[in-house]
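Heads up: the structure comes next, in structure tokens.
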Amino acid sequence: MTQNLADTPRPLSAVATPAGEPSRWWRDAVIYQVYPRSFADANGDGMGDLPGVRSRLPYLRDLGVDAVWLSPFYASPQADAGYDVADYRAVDPMFGTLLDADALIRDAHELGLRIIVDLVPNHSSDQHEWFQRALREGPGSPLRERYHFRAGKGESGELPPNDWESIFGGPAWTRSTDPDGTPGDWYLHLFAPEQPDFNWDSPAVADEFRSILRFWLDMGVDGFRVDVAHGLVKAPGLPDLGSHDQLKLLGNDVMPFFDQDGVHEIYRAWRRILDEYPGERIAVAEAWTPTVERTANYVRPDELHQAFNFQYLGTAWDAAELRAVIDSSLAAMRPVDAPATWVLSNHDVTRHATRFANPPGGTQIRERGDRELGLRRARAATLLMLALPGSAYLYQGEELGLPDVTDLPDEVRQDPSFFRASGQDGFRDGCRVPIPWSGEAAPYGFGPVEGGPSWLPQPAEWAGLSVEAQTGDPTSTLELYRSALAIRRADPALGAGGELTWLPAPEGVLAFRRDSFLCLVNTTAEAVVFATEGRLLLSSTGQVEPGLLAPDSTSWWAV
Ligand code: NOJ
């Protein structure tokens, strides 16, 4: 299945860095997540694709981001929107070809953008050649060593081997059928049954992933986002959990299949490979750990470069809570000399414009809430995030102030956890609706033809939120992001810069300085009297009355 690029000259070089001087570019990079299914559809089939992404790269350059992280576009039956990979070295035809990926990487580099691709090492698709052979060859097949096959419990093996539950609902085990048609061993899948977990004790698995890394590094990618980075190693013997509370993808509990110390050896080996390549290639861990201190283990100097800060993503719009998580994040990263990262939205959580439109309630919200309030807070939260020391992640569409689509009809939903949890969970489709680019009618420039398809329906009010509608409007969220990113890029006090110094502030207000830069945040519903000083650089509310912080606002000042 693997495609061939025989005629393409390689390797591509990554974005040039000044000779001899590593830029350590990732330490303050703003990295924009593209969810390829929903970004731009060049061929009009209703599904986003790589040529679509490629055509919109100038938009991303002009927005002012440093790098683009692409969610999976590999050959996949799409049981979990591409996080079920059947061939790690092939592009799924619905997204294009390897030549399209190659062209995308080249164009991005020409525009000064770096490309980070998703790597899914915890599990493959059940359609992966190894898993199919393991099933076909039956018990005793050496291919079975590469996954977790176990005999069932009970008289005839009719019960799962342990009590683990899938993060998407239901048991984490599915019984296989032997080649003679009789029920056979069970296999482990922390996610959907179509996503069997690899056994990382198998040297063949480790070898294969080192080779996959090299394949994409040779293609010229600048780094990897490592899916479920905390899940690869399972506790020896796969011990029972002893509890039947349904697990959440976004949970922080200590589990025999999460955050086991053995994962770190894998990342040390990967770091050695990344360091062999010119141009400072990086990796960022998707690691849900109980504490920011445990997260810091993934970014020790000989491991990965960054880890997502999910503690920050999960924090309510509350000054005291925000300050606490900012302080603990910076403190946790200091001993390992890794940059802190900040993120408010991604393809697995309710968009922050909708989270903040509702009372605090975690990262999965199903209510529409108060849209105006949500957007006001989201704009303020973004300016706070972009003022913090370190690197920041943006999720496509947040620069348009998009809310989650909370009223998708059940029949269009595709999130596998929605079906496994009988419609009680699994609402991630709401943040995955294709984004609006232009025009008055769906698909709003997502696809080439007005009235053409989009794999999830877009709400009618999105015409007013399109890139076209917002461009040039100084009050728009898009122009706020453009201004913020331009200031962040130009001001040496921002980005990685120095640490921050908190200033005394009344309850509900955050005030901090970074050299000559001042950030003021009011998380309350009331205007707060506060001595503003210096020159206003940007405000989430547009105008600012001197000496007064508007409700739910952030302002940036040069002092
Ligand atoms: C985390 C990804 O972000 C999510 O979308 C996916 O469902 C799981 N990992 C399983 O790969």
Side-chain angles (χ1 to χ4, degrees), residues 35 37 71-88 92 118-128 130-132 134-135 146-150 160-176 186-200 205 209 224-235 238 241 244-253 255-260 263 266 285-289 308 310 346-349 363-364 413-429 431-432:
Y35 193 66
R37 296 168 71 100
S71 279
F73 49 77
Y74 313 112
S76 160
Q78 303 288 316
D80 182 22
Y83 283 95
D84 49 317
V85 180
D87 185 341
Y88 290 83
D92 196 281
D118 223 302
L119 186 72
V120 189
N122 180 68
H123 45 263
S124 70
S125 159
D126 63 347
Q127 299 306 308
H128 190 284
W130 287 2
F131 192 73
Q132 285 297 309
L135 291 181
R146 300 179 188 184
Y147 295 92
H148 295 280
F149 278 88
R150 293 284 185 285
N162 72 16
D163 65 358
W164 296 1
E165 292 194 336
S166 149
I167 285 121
F168 288 166
W173 296 89
T174 291
R175 195 166 191 184
S176 65
W186 297 69
Y187 67 88
L188 176 69
H189 51 86
L190 291 183
F191 295 90
E194 296 88 353
Q195 294 168 293
D197 277 49
F198 281 119
N199 171 16
W200 272 86
V205 171
F209 272 91
F224 300 92
R225 174 265 189 192
V226 183
D227 189 62
V228 200
H230 56 310
L232 276 48
V233 172
K234 277 70 179 176
L238 311 184
L241 215 59
H244 285 278
D245 289 343
Q246 179 56 56
L247 278 173
K248 297 278 178 277
L249 172 64
L250 313 182
N252 286 333
D253 301 329
M255 296 287 168
F257 41 78
F258 279 162
D259 198 28
Q260 300 289 306
V263 294
I266 298 169
E286 186 216 20
W288 295 89
T289 70
F308 292 121
F310 293 124
N346 66 32
H347 66 293
D348 288 329
V349 300
T363 56
Q364 310 293 322
R413 291 189 181 275
Q414 295 201 11
D415 184 345
S417 44
F418 178 79
F419 301 98
R420 285 181 63 81
S422 312
Q424 297 310 299
D425 203 352
F427 294 92
R428 295 179 298 168
D429 291 311
C431 65
R432 299 175 177 179

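Computed from a predicted model, the values in this text were never measured in an experiment. Quick note: residue numbers are just sequence positions, from 1.
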Step-by-step side-chain contact (heavy atoms from CB on, under 4.5 Å) determination, L135 to F149: CA-CA 10 Å; L135 291 181; F149 278 88; 4.1 Å; yes
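- Cation-pi check for R413 over F418 is met; the charged atom lies under 6.0 angstrom from the ring centroid and within 45 degrees of its normal.
- Note that CG of L190 is 5.0 Å distant from CD1 of I167, once rounded to the nearest 0.5 Å.
- One finds the OH atom of Y187 at 15.0 Å from the CZ atom of R150 (value rounded to the nearest 0.5 Å).
- With sequence neighbours excluded, the residues forming a salt bridge (charged side-chain N to carboxylate O under 4.0 Å, His left out) with R432 are D348, listed by chain and number.
- Minimum interatomic distance between D163 and L241 (heavy atoms only, all atoms of both residues): OD1-N, 2.6 Å.
- Legend: residues meeting salt bridge (charged side-chain N to carboxylate O under 4.0 Å, His left out) with D84, ordered by chain and number and at least two apart, are absent.
- Looking only at distances, a side-chain donor or acceptor of N162 sits under 3.5 Å from a matching main-chain atom of L238.
- Rounded to the nearest 0.5 Å, atoms CG (L119) and CD (E286) are 12.0 Å apart.
- Put simply, OG on S124 and CH2 on W130 are 8.5 Å apart, with the number rounded to the nearest 0.5 Å.
- The shortest distance between side-chain heavy atoms of H148 and F257 does not fall below 4.5 Å.
- Interatomic distance, S125 OG to D80 CG, rounded to the nearest 0.5 Å: 10.5 Å.
- Taking the six-membered ring for Trp and thresholds of 30 and 60 degrees, F191 and F168 have ring planes more than 60 degrees apart, a perpendicular arrangement.
- The structure places CH2 of W173 at 4.5 Å from CG of L188, a figure rounded to the nearest 0.5 Å.
- Ion pairing between R37 and D92 fails under the 4.0 Å rule for side-chain N and carboxylate O.
- D227 approaches D118 most closely through the heavy-atom pair CB-OD1, 4.0 Å.
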Verdict with supporting geometry, H123 and D197, side-chain contact (heavy atoms from CB on, under 4.5 Å): CA-CA 4 Å; H123 45 263; D197 277 49; 4.2 Å; yes
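- Contact detail for H189 and Q195: the closest heavy-atom pair is CB-O, 3.3 Å.
- Separation of the H347 and Y83 ring centroids falls under the 6.0 Å cut-off.
- In this structure, F308 and F310 have tilted ring planes: the angle between them lies in the 30° to 60° band.
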Intermediate values then yes/no, side-chain contact (heavy atoms from CB on, under 4.5 Å), R420 and D425: CA-CA 8 Å; R420 285 181 63 81; D425 203 352; over 6 Å; no
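- Across all non-hydrogen atoms, the minimal contact from S76 to G82 is OG-CA, 3.5 Å.
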Derivation of the side-chain contact (heavy atoms from CB on, under 4.5 Å) call for W200 and Q260: CA-CA 12 Å; W200 272 86; Q260 300 289 306; over 6 Å; no
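- Nearest heavy atoms, D429 versus D415: OD2-N, 2.9 Å.
- In this structure, H230 and W288 approach most closely via the heavy-atom pair CD2-O, 3.1 Å.
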